[in-house]
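The structure appears below as structure tokens.
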Amino acid sequence: MVLFAAAAGGALVVQARDSTTQEARQLSKGVAQSFARAPGTRDAMKSDRPTELLQPRAEDTRKNTGVDYVVTFDPQGFRWTHPDPKLIGKHIYALREGGAADRPFTKTFEGSLGLAVDTTVPVYDTNGITVVGFVSVGVTVASVDDVVMDQLPQLLGFAGGALAVAAGGTALVSWRLRRQTRGLDPSEMTRMYEHHDAVLHAVREGVLIIGSDGRLLLANDEARRLLDLPADAEERRVTDLGLEAGTAELLSSGRPVTDVVHLAGDRLLAVNIRPVDPDDRPAGSVATLRDTTELRALAGRAEVARERLGLLYEAGIRIGTTLDVARTAEELAEVAVPRFADAATVDLLDPILSGAVSAGPGPEMRRVAVHGVDGARSLYPVGELIRFVPMSPVAMGAERGRAVLDVDLTASGGWMSAQDPDRARRLLDLGFHSLITVPLQARGVVLGMASFWRSDGTPFGGEDLAFAEELAARAAVAVDNARRYTREHGLAETLQRSLLPSSLPDHSAVEVAHRYLPALEGVGGDWFDVIPLPGARVALVVGDVVGHGLHAAATMGRLRTAVHNFSALDLPPDELLGHLDELVARIDSDEEGERDESVSGATCLYAIYDPASGLCSLSRSGHPEPALVHPDGAVEFVRVPGSPPLGLGGGEPFETAEVTLPEGSRLVLFTDGLVEDRERGFDTGLQTLGHALAHPGRTPEETCRDVLDALLPARSSDDIALLVARTRLLDRSQVAEWDVPGDPAVVAGIRAEVTGRLSTWGLEEMAFTTELIVSELVTNAIRYGIGPIRLRVLHDRDSLICEVADGSSTSPHLRRAATTDEGGRGLFLVARFAQRWGTRYMARGKVIWTEQSTRSPAGEPEEVSAETLLDQWEDASW
């Protein structure tokens, strides 16, 4: 009926559309011919103002006739009239396509108003031959569709009525069928019966359908098996089936029951009963039976498995929380007791505790962990080295690499008596009856043995053995990780301590004390140093390399060596850090891509203290500012211009701060690990440090203790380096200075004054050598240098230091003198008789210095052949 209605409707729509289109063609043709033959049309087209005359007539015609447009145009195709005044004067494209110009024609084409049925009629001159213009009249397709749409409601009404009648008849028939078959056709009913029958007899659950009169209507195979029903049980009363009275009464009661456990013979049945209430039959009930006898046993085993799985999960969380071997072993024992065993012990090979790899499992192991009931104290205590007898489970398990189960210790206690008779007797008296010993084996290496003891409950079994192996396997990985960390941490700490100064030099300029504390997570790259410099000066250095481990320690060693080398050049602090920054940037560039880590991130604070003047020059690169403790206990943090960390400066110059330190003041240099941690901010740490330092009269060693007592965290996450230097000043009597005029004649007088000062200091035996050195240095400064020239002689403990300063930046150097040269050998004589010599540049000019030891003075010139001296090296021009 739907298809019929659709086909009829479509045919009517097509018929109506064709009819309306034909009418549109006739209308447009009639209006076009009428307008073309109307009086005045030809004259208007031939006039000088056709649009003015034709446009009103065309619009009146269009409105009165119902067409969509009346358009006139000249023979060349340019419009005189159009409903849209904007198109008047525009050319009509494809005007006569499919038509002749000398006679009327009708066609459908796409015009300025859309798709339309158009009739074009030529207008002839009076001679009937010449065409003076055209009249085009059109009816758009939209107008045709409007006519069709006006007829569509009648069509739809007819189709809807027919469809409603058909649908009503179909619904009535379907309702009657569904009522008879409950909504199923015969094939579906057959298939449903087959499926239900197959399912009913295949499920492992008994199903009984009992009528309202207590008769058994249906029983599946499982119900017959569980209740031992006779073959002819169906259609008989439940009470007549030979069931126990309680079972028969429960099934025939018809009351709702949910999972009631009922004893039927030797079976435990879970019974569910639900009443059914059909519309046209008396009420009955459906009962389901489920055998829970085996299920209860399975549930018990499942509960044990669930507890074991939970214990393994807990072990994964609790074991290995630290990277300490002994603590990891203790965590294993704590997890196992009391949920798996009554006591647990862990024994490890001695090399494992130090991070080494054992050559192989042996009978000797050290007890690392004991945990359990009160009787566990009868086991070997923690820390004892135990040599297990070959027949013991520990020795056998270590040798074979497999777990050993001893179900009955009383029956196999021979090995216990052989190991320790008294201890064996105490353990058996305390009730320990079974034992599992499992090797802690990771990556193919036996690390030790874990033993689990039971004194209560059932002895260990096969399932317990499998669980113990799984637990030990997880713990072994954690123990091995801790061992590897211990080894790496030990190597890194050994490397770092070997790279750090083992002892600091005893220097006349400062009294120092130091502390270095590695982080608990791993050794880092903090370092400190005290470097003696010429002129009784001293350099104090503290640095920090970001990161931990071997790479940070090795990087620290490289930077410390570089600082020593640059210090040997006697550079000021800012120039030294500039060279160090370039070195770090070059190392990072050379090693880019070779490793994930780089040297960038290193910081450094470099200070030079001169005890003769008390002046201290400081520069820093990304490092915290040092603290200065005045003799009266006042604390201030020295303002040193900051710069980026080493390697990140981008070539920018470093700045130097100069401060005069009173004698007895303490300069405190430290790394950021001292004042900053996870629980304390940097500013808070500085305040605490200031309070800890604010005590007058404390020695550097006491200052270190005060600082660490106040600031050392319980668990340090970063290295800590601390250097405390208490300043000293040279006594004025130990320093002699002369201003030297630019006249060589004054050299003799200065030489005599130096000799007199040496006599005052009790150094007469060094007079000749010192006169030679002073004479050469002063003479060369007068001859080649630039004023002002100044001579300074210092007596510092076991050293005699001569310094000649001038305004020239030219540095002398040694070279071999030719046999014909008359001069140029003076600097070699200076180098020969001085213990050390060198050049130090200042902001203006330079200082040539020499140092002699007062304990072992250099030999006199007479002891060396003159020819030997003169034929060797010469000095360059100044």
Side-chain angles (χ1 to χ4, degrees), residues 304-358 361 365-373 376-377 379-384 386 393-394 397-398 401-405 434-454 460 463-490 519-522 714-715 717:
V304 173
R306 187 191 65 79
E307 292 180 359
R308 295 288 171 81
L309 186 61
L311 186 56
L312 287 177
Y313 174 76
E314 183 179 343
I317 296 176
R318 293 178 55 186
I319 299 176
T321 57
T322 67
L323 290 174
D324 181 79
V325 176
R327 179 56 193 156
T328 304
E330 293 172 358
E331 290 169 344
L332 168 60
E334 292 170 359
V335 166
V337 178
R339 295 169 61 181
F340 175 66
D342 296 312
T345 61
V346 180
D347 307 308
L348 298 179
L349 297 168
D350 251 359
I352 303 301
L353 296 172
S354 59
V357 178
S358 175
M365 296 185 187
R366 189 171 300 278
R367 180 61 50 87
V368 180
V370 177
H371 189 70
V373 297
R377 62 174 177 266
L379 301 168
Y380 286 103
V382 173
E384 185 166 344
I386 309 170
V394 172
R402 295 196 304 270
V404 177
L405 170 62
S434 60
L435 167 69
I436 293 180
T437 302
V438 189
L440 297 175
Q441 187 170 316
R443 301 175 179 92
V445 178
V446 175
L447 311 175
M449 300 295 293
S451 300
F452 305 102
W453 305 73
R454 271 192 183 171
F460 287 118
E463 294 181 357
D464 297 317
L465 184 66
F467 172 79
E469 289 176 334
E470 177 67 21
L471 181 61
R474 298 194 179 199
V477 175
V479 172
D480 190 56
N481 289 339
R483 176 194 66 80
R484 289 170 177 265
Y485 173 79
T486 301
R487 180 182 63 180
E488 181 179 346
H489 186 274
L520 294 179
E521 286 80 3
R715 295 184 61 85
S717 59

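As a basis for the values below, the full set of heavy atoms in this structure was taken, side chains included, without hydrogen atoms, waters or symmetry mates.
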Kindly compute the distance separating [atom1] ([X]) from [atom2] ([Y]), expressed to the nearest 0.5 Å.
| X | Y | atom1 | atom2 | value |
| --- | --- | --- | --- | --- |
| Asn481 | Ile319 | CG | CD1 | 12.5 Å |
| Glu314 | Leu471 | CD | CG | 10.5 Å |
| Leu405 | Ser434 | CG | OG | 7.5 Å |
| Asp324 | Arg483 | CG | CZ | 14.0 Å |

List the atom of [X], the atom of [Y], and the distance in Å for their closest heavy-atom pair.
| X | Y | result |
| --- | --- | --- |
| Val335 | Ala315 | CG1-CB, 3.9 Å |
| Leu435 | Pro393 | CD2-CG, 4.0 Å |
| Thr328 | Thr322 | OG1-O, 3.6 Å |
| Ala326 | Val368 | CA-CG1, 3.6 Å |
| Ala336 | Phe452 | CB-CE2, 3.5 Å |
| Ala472 | Pro439 | CB-O, 4.2 Å |

Could you tell me which residues satisfy side chain to side chain contact (heavy atoms under 4.5 Å, CB included) with [X], sequence neighbours excluded, listed by chain and number?
| X | value |
| --- | --- |
| Leu309 | none |
| Val445 | Val357, Leu447 |
| Thr486 | Val325 |

Would you indicate whether the side-chain heavy atoms of [Y] and [X] approach each other to under 4.5 Å?
| X | Y | result |
| --- | --- | --- |
| Trp453 | Ile436 | no |
| Tyr313 | Ile317 | yes |
| Leu332 | Arg474 | no |
| Met449 | Thr437 | yes |

Exercise for the section: Scan for salt bridge (Lys or Arg N to Asp or Glu O under 4.0 Å) pairs involving residues 439-453, sequence neighbours excluded, and state none if there are none. Expected result: Arg443-Asp480

Exercise for the section: Look at the side chain of Glu331 and the backbone N and O of Gly320, then say whether any donor-acceptor pair between them is shorter than 3.5 Å. Expected result: yes

Handout entry: Lys/Arg-Asp/Glu bridge criterion (N-O < 4.0 Å) met for Glu469, Arg402
Key = no

Going by the rule salt bridge (charged side-chain N to carboxylate O under 4.0 Å, His left out), which residues pair with [X] if we only count those two or more places apart in sequence or in a different chain?
| X | value |
| --- | --- |
| Arg487 | none |
| Glu384 | none |
| Glu330 | Arg327 |

Exercise for the section: Could I get the full list of side-chain hydrogen bond (donor to acceptor under 3.5 Å, both in side chains) partners for Gln441, not counting sequence neighbours? Expected result: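 Applying side-chain hydrogen bond (donor to acceptor under 3.5 Å, both in side chains) to Gln441 gives none.
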
Side-chain donor-acceptor pairs of residues 340-356 under 3.5 Å, sequence neighbours excluded:
unit_1: Asp342; atom_1: OD2; unit_2: Ser455; atom_2: N; d: 2.6
unit_1: Asp342; atom_1: OD2; unit_2: Ser455; atom_2: OG; d: 3.4
unit_1: Asp342; atom_1: OD2; unit_2: Asp456; atom_2: N; d: 2.9
unit_1: Asp347; atom_1: OD1; unit_2: Arg367; atom_2: NE; d: 2.2
unit_1: Asp347; atom_1: OD1; unit_2: Arg367; atom_2: NH2; d: 3.3
unit_1: Asp347; atom_1: OD2; unit_2: Arg367; atom_2: NH2; d: 3.4
unit_1: Asp350; atom_1: OD1; unit_2: Arg366; atom_2: NE; d: 2.7
unit_1: Asp350; atom_1: OD2; unit_2: Arg366; atom_2: NH2; d: 3.0
unit_1: Ser354; atom_1: OG; unit_2: Pro351; atom_2: O; d: 3.0

